[in-house]
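Numbers restart at 1 for each chain; the letters A, B, ... are given by sequence-line order, proteins then strands.
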There are 2 protein chains.
Amino acid sequence: MFSISQSYPTFDIQSIVIYLCISVSTSIVMEIKGTLDLKKELSDISQCPASYVVAVNDTMNILSGKWKLPIIASLRFGKRRFKELGREIPKITPRMLSKELRDLEVNGLVRRTVYNTVPVTVEYELEESGKAFDKVLEVMIEWGLKHREFTLQREKPAEF
Amino acid sequence: MFSISQSYPTFDIQSIVIYLCISVSTSIVMEIKGTLDLKKELSDISQCPASYVVAVNDTMNILSGKWKLPIIASLRFGKRRFKELGREIPKITPRMLSKELRDLEVNGLVRRTVYNTVPVTVEYELEESGKAFDKVLEVMIEWGLKHREFTLQREKPAEF
DNA sequence: CAGAATCCGGAGCGATACTG
DNA sequence: CAGTATCGCTCCGGATTCTG
């Protein structure tokens with residue numbers, strides 16, 4: 001629906017990598033997050049390569065944690081209540097479900113709605129960003145399939 | 001360069017999610033990996049939705065670990081020796097560098113070449129899959145930027 | 001129903017020292 | 001140079017119990 005080159009003309013995968021080296025060690029990322037004015041950061045977002053680091057870091061935060069993906073996956077089918085999620089996601093405990101849902105909520109991927117019923121009803125659903133996360137999943141699948149295909153070809157050359 | 005719909009016509013993000021629920025809990029994935037004949041798996045790869053789970057799991061294995069991304073990032077610039085990587089990636093210890101490099105090697109992302117010099121010289125470089133991983137990074141960046149943009153707009157609506 | 005509180009074991013990672 | 005070996009800690013996540 002929209003191409004990378006259109007939206008972010010200065011996108012250059014080459015330029016990010018050096019920043020990535022220092023990114024995941026969380027020092028610089030935290031610095032940027034903490035001290036920078038958010039509005040200013042937004043205005044620079046398509047120019048500054050450092051923003052790429054933050055972007056990757058953001059994505060990694062979503063990916064981190066054992067249950068984030070299953071939860072997002074489950075919510076893709078539509079609104080879910082706490083217990084429903086617990087049933088749909090095998091082996092997850094209420095503690096983990098609660099924690100991961102809160103993470104996703106503060107990160108703006110999931111919207112939490114409380115209804116004044118007795119007892120209380122709580123519904124979770126994906127925000128725009130949560131739905132857009134499909135794109136990341138798609139590429140992960142695509143790469144994973146390709147990678148497997150490639151690896152199998154290389155590892156069994158003498159079989160034929 | 002190639003679109004998902006072309007390469008994997010049966011690709012359906014909807015069908016994967018239910019599988020994803022059980023994927024990251026590693027039970028089914030391990031089952032598939034261990035018991036299935038690899039050749040058979042390869043032939044089914046564009047049909048079986050379970051392969052999506054494995055694919056995502058593969059990608060997650062790459063993403064896991066604090067130093068995998070920095071290492072890949074560093075290797076994108078070309079061949080590197082052990083010590084060079086150690087210098088380019090801040091704060092990484094030889095122990096972790098060694099461990100993560102071996103992980104990447106057995107997963108087929110990095111090729112390790114030993115030269116018969118005195119003392120020994122070892123060079124690391126990205127395999128095809130490693131280079132192709134750019135695509136994943138790109139989308140992560142794209143999503144991260146969009147996500148930030150979207151989140152900032154939502155959180156500061158009354159400012160104007 | 002929708003969680004919070006507490007306890008606890010293991011994996012992941014760091015620091016340091018050593019080796020072919 | 002290119003790693004390995006050992007120790008120790010932190011924190012993620014599981015199990016269980018309790019609450020508004």
statement: By nearest-nucleotide position on DNA chain D, the 5'-leaning member of B/Arg87 and B/Ser98 is B/Arg87

- prompt: Less than 4.5 Å apart, any side-chain heavy atom of A/Leu69 and any of B/Met60?
  reply: yes

- line: What residues 107-126 of chain A contributes to the DNA chain C interface at heavy-atom separation below 4.0 Å is A/Arg112, A/Pro119, A/Val120, A/Thr121, A/Val122, A/Tyr124

Any residue meeting salt bridge (Lys or Arg N to Asp or Glu O under 4.0 Å) with A/Glu125, in chain and number order, not counting sequence neighbours: A/Arg111

- request: For A/Thr59, enumerate each residue passing the side chain to side chain donor-acceptor pair (under 3.5 Å) test, keeping only those at least two apart in sequence or located in another chain.
  value: none

Per-nucleotide protein contact string for nucleotides 8-18 of chain D, where B marks a base within reach and S marks sugar-phosphate only (heavy atoms under 4.0 Å, - for neither): -----BBB---

field: Residues in side chain to side chain donor-acceptor pair (under 3.5 Å) contact with A/Arg87, at least two apart in sequence or another chain
entry: none

field: Those residues that, when tested against B/Ser64, pass side chain to side chain donor-acceptor pair (under 3.5 Å) (two or more places apart)
entry: none

message: Can you list everything that forms a side chain to side chain donor-acceptor pair (under 3.5 Å) with B/Lys83? Sequence neighbours excluded, please.
response: none

query: Hey, is the main chain of A/Glu142 close enough, under 3.5 Å, to the side chain of A/His147 for a donor-acceptor pair?
result: no

- line: To the nearest angstrom, the CD1-P distance between B/Ile71 and D/dA2 comes to 14 Å

- line: salt bridge (Lys or Arg N to Asp or Glu O under 4.0 Å) filter on A/Glu84, not counting sequence neighbours, yields none

statement: B/Glu84 atom CD is separated from D/dA2 atom P, nearest whole Å, by 8 Å

message: Five pairs per end, C1' atoms only: what is the angle between the end axes of the helix from C/dC1-D/dG20 to C/dG20-D/dC1, to 10 degrees?
response: 50°

task: Determine which pairs satisfy ring-ring contact (aromatic ring centres under 6.0 Å, His included) with at least one residue from residues 97-141 of chain B, sequence neighbours left out, and list them in order.
output: A/Trp143-B/Phe133

- prompt: Do B/Leu101 and B/Leu85 come within less than 4.5 Å of each other through their side chains, counting heavy atoms only?
  reply: yes

field: side-chain N/O B/Arg81 vs D/dC1 OP1/OP2, d < 4.0 Å
entry: no

- request: Please identify each residue that fulfils salt bridge (Lys or Arg N to Asp or Glu O under 4.0 Å) with B/Glu123, with sequence neighbours left out.
  value: B/Lys79

- request: May I ask you to test the A/Arg112-A/Val122 pair for a side-chain heavy-atom distance under 4.5 Å?
  value: yes

message: Please determine whether a side-chain nitrogen or oxygen atom of B/Arg102 lies at a distance below 4.0 Å from atom OP1 or OP2 of D/dT4.
response: yes

- prompt: Mind checking which nucleotides bracket the chain B contacts on DNA chain C, 5' to 3', with an atom under 4.0 Å from a heavy atom?
  reply: C/dC13 to C/dA15

- request: Work out which heavy atom in A/Asp103 is nearest to a heavy atom in A/Val106; give both atom names and the distance.
  value: O-CG2, 3.1 Å

